[in-house]
Engineer: 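Got a structure here, written out as C-alpha cells. Questions coming.
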Number of protein chains: 2
Amino acid sequence: MEILTRLQQEAGRLSPSEQRIADILFSDFDFAVNASIVDLAGRAEVSPPTVTRFARRLGCQSFSDFKVQLAQTPFVGARYLQPETLAVSAADITENVIAKAQAALFSLHRALDPAVLEAAADRIAAAQMIYAFGSGGNSAMIAGEIQNRLFRLGLRVTSSADHALQLMMTAAARPGDVIIGSSFSGRNTELVRAFELAREDNVFTIALTQTGSPVAKAAQLAIGVDLPEGNDIFRPTSTRLAYLALIDILANLTAMRLKEQATGTLRRIKRQLVTHRDPDDRQVLGD
Amino acid sequence: MEILTRLQQEAGRLSPSEQRIADILFSDFDFAVNASIVDLAGRAEVSPPTVTRFARRLGCQSFSDFKVQLAQTPFVGARYLQPETLAVSAADITENVIAKAQAALFSLHRALDPAVLEAAADRIAAAQMIYAFGSGGNSAMIAGEIQNRLFRLGLRVTSSADHALQLMMTAAARPGDVIIGSSFSGRNTELVRAFELAREDNVFTIALTQTGSPVAKAAQLAIGVDLPEGNDIFRPTSTRLAYLALIDILANLTAMRLKEQATGTLRRIKRQLVTHRDPDDRQVLGD
DNA sequence: CAATAATAGAGAAAATTATTTACATACGGA
DNA sequence: TCCGTATGTAAATAATTTTCTCTATTATTG
C-alpha cells in the first residue's frame, strides 16, 4: 500500500513526537525527502531513533526505505492528503489534478494486458469498417477520439453517440467490420444490446470498459479500464485521461500493422493542411 | 534537470563499469532504487566508489541523493530513454505512451502560472455566456470538452469547430460573455480573426495555446501550453492529455467560485441519470 | 485515595552499517 | 615512456540502527 495512505490511516494514533514528524512531512515535503535522519529529527525536535520508529510504523524497512517510498509517491502533492476542502488556490488544484492524472496513468499501465491489446490491434487493422460507439459526455468524446485517431491511419471509421443510430449502424455492419464501444461504468444497456446484435451478425466487438461489467461481458474482446472515480463530484477527469492514453496505445499498435499504408495517408493529409493553412511545416496535424 | 535525461546525454561517454551500472538501472529499476550502494556495486561487479562516482557524474550530491532522484522520476519506464524505434511490442508502446503522457503532465504543471489560471476562472465564473472554439480533430475535441465540463457547473456554454459559425457566434456575443479558443499550434488564423472581432465588441477572450503565438497575442488572456509534439507523426497525443488536464484544472477553479450553484445542478443531473438508467448510484456522471 | 506496578514513549550512547575519501595500481593511447 | 583515465583497496567518516535506560503516564491494588 502507498505510504501516504498509511500515514493517513495512522493519523489519529500518532504520539506527539511522531505527529511532529508527520507535520514536517506535510508542510515541507521536499525537505523531508532530501534530509538525513539527523536533519529530520532535529527539525522535528525528536531523536533519530524516533524517526526510525516512525518509518517502521509506516511499514518501511528502514529510514532509507522510507525516503525512497516517499520520493516514489506518484506526485509530490502532499497536500492531496489533507481534507479536500483545503485545496482552494490555483496551485493546490493544479497539483491535485495533475497528481490524480499521474496516478491514473500509472495504474492504467499496470492493469493493461499486452496480449489483449495486440489482439485488439490485429482486429482493428484488419477491419473493413470500424464503428466507434459511446454515449454521455465522456464516452462520446472517447468514441470521437477513436474516429479521430483511426481515420489518420487510412482506416474507414465512423463514430456515434446516439443509441438509436448505434443500433442501426450495428444492423448495417457486416462480418469483417469491428465495433469499438466505450462505457466508463460498463452499465450502458443500449451498448450491451448493440454488442449482442453484433454478435448474431458475426461483427467483432471490442469494449473499453470496467472489467467484469455487463458491457465487458457482452463484448467479444474487453479491454479493462478500472479506475475509481473518487468521491469528488467535480473531478471525474483522470479516468478520461487514462482512456485517451489507451486509445493512443491502440492507435499506435494499429499503426505498426499498417505502417506503409498509414504513413502515406498521413503524409497526404499533412501536406493538405500545410499548404492550405500555413507555410510552416511545424503545423501540428489536426490543429 | 531530470536525472534520466542526464543519463541519456552521458550515454555514449560512460566507461565500461559505469555502463554496467546503467544497464542495471534500465533492466531492474526497482532493484536499483531500493538497493544499498554495496548491493548495487556487487550486482554491477564494480566497487562502491565507482557507484558514488557514477552518481556524482549524473549531477547528484551523493548516492542517497541519487536514489531519491531516481525514485522521484515521473515514471519508472526506463525504456522511455532508449531509441524510439525499439518500441514495437504492445508492452513497449504502452510504456512509451504512458511515459510521454506523464512527462507532458509534469511539464504542464511546471509551466502553468497560478495567477493566470485564477484570472481565467474569475472570468469564466462570471460570464453570462461562454463560447468554446477549436478546429481540427484535436482542438475541436478540446472545445467540446470545455462545453462538457462547464455545463455541469450550471454555466451557459456552447462550442463550435466551424470557423464560419465561430465568426457568427462571435458577432452575436455581448459584453459579459467569454470566448475560450484552443489552438495547439497557435496558428489558427480564423481563430485570430474571431478574437480580434471579439475585442472590438468588448467580449473577453481566453486562449489555450502556444506561448507567444499569433493566437496567444490576439487573446486578452493566454494560458500557455508549450509542449513539443516530438517527431513521431503517429504520436501527437500527449499534448492533448495536457490540454485535458488544463481544462480539468480550470473547471475545478471555476467550480470553487460557483460552489453552491454548481453542486445543485450537478446533483440534479446525477439524479436524473441514476434514476433513468441504473438503480446503482455508482453510475459515473456523463456515461 | 494513595502507592505501586506496568507500559509506552523517548533519548543517549554504543554498535553497526553505509558512504566517502585518499591513495595506489593498472591499462590504453599519445 | 609518460600521462591521464579508470578502477579498486583500505582507511576514515558519516549516517543509521540497536540496545539500554530513563521518564511519564496509566492501570491496578491494598
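Just so it is clear: chains get the letters A, B, ... in the order the sequence lines come, proteins before strands, and each one is counted from 1. Keep in mind that this is a model prediction, so the values were computed, not measured.
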Engineer: Between dT17(D) and S62(A), is there an OP1 or OP2 to side-chain N/O distance shorter than 4.0 Å?
Structural biologist: yes

Engineer: Please give, in whole Å, the distance from dA15(D) P to Q61(B) CD?
Structural biologist: 11 Å

Engineer: Should S15(A) be listed as having a side-chain N or O under 4.0 Å from OP1 or OP2 of dA10(C)?
Structural biologist: yes

Engineer: Given atom NZ of K67(B) and atom C1' of dA18(C), what is their separation to the nearest angstrom?
Structural biologist: 10 Å

Engineer: Could you check which of dG9(C), dT20(C), dT16(D) has an atom nearest any side-chain atom of P48(B)?
Structural biologist: dT20(C)

Engineer: Is there a side chain to side chain contact (heavy atoms under 4.5 Å, CB included) between F66(B) and V51(B) once you walk through the steps?
Structural biologist: CA-CA 10 Å; F66(B) 170 74; V51(B) 177; 5.6 Å; no

Engineer: Considering just the side-chain nitrogens and oxygens of S36(A), establish if one lies under 4.0 Å of OP1 or OP2 belonging to dA14(D).
Structural biologist: no

Engineer: Indicate the atoms forming the closest heavy-atom contact of L246(A) with L108(A), along with that distance.
Structural biologist: N-CD2, 4.2 Å

Engineer: Need to verify one output field. Residue with the more 5' nearest nucleotide on DNA chain C, P49(B) or S47(A)?
Structural biologist: S47(A)

Engineer: Roughly, in whole Å, what's the span from CZ in F63(B) to C1' in dT13(D)?
Structural biologist: 18 Å

Engineer: Does OP1 or OP2 of dT19(C) have a side-chain N or O of T52(B) closer than 4.0 Å?
Structural biologist: no

Engineer: When the distance from CZ of R56(A) to P of dA10(C) is rounded to whole Å, what number comes out?
Structural biologist: 17 Å

Engineer: So which heavy atom on V33(A) is nearest to which on K67(A), and how close?
Structural biologist: O-CD, 3.2 Å

Engineer: For the side chain of I37(A), starting at C-beta, report the closest nucleotide among dT20(C), dT17(D), dT9(D).
Structural biologist: dT17(D)

Engineer: Could you check whether V51(A) gets within reach of a base, just the sugar-phosphate, or nothing at all, counting any heavy atom under 4.0 Å?
Structural biologist: nothing

Engineer: Which listed nucleotide (dG11(C), dA6(D), dT20(C)) is nearest to the side chain of R53(A)?
Structural biologist: dG11(C)

Engineer: NA contact type, S64(B), heavy-atom cut-off 4.0 Å: base, sugar-phosphate, or nothing?
Structural biologist: nothing

Engineer: Can you measure F54(A) atom CZ to dA8(C) atom C1' for me and round it to whole angstrom units?
Structural biologist: 17 Å

Engineer: For A22(A), check side chain to side chain contact (heavy atoms under 4.5 Å, CB included) against everything at least two apart and list the hits.
Structural biologist: L7(A), L14(A), Q19(A), F54(A)

Engineer: Quick one: closest heavy-atom pair of S185(B) and Q210(B), and the distance?
Structural biologist: O-CB, 3.9 Å

Engineer: Within this structure, what is the CD-to-P distance between Q19(B) and dA6(D), rounded to whole angstrom?
Structural biologist: 13 Å

Engineer: Whole angstroms only, please: what is the CZ-P distance between F66(A) and dT17(D)?
Structural biologist: 11 Å

Engineer: Looking across every strand, which nucleic acid part, if any, lies under 4.0 Å from E45(A) by heavy atom: base, sugar-phosphate, or nothing?
Structural biologist: sugar-phosphate

Engineer: In whole angstrom, give the distance that lies between atom CG of D65(B) and atom P of dT20(C).
Structural biologist: 10 Å

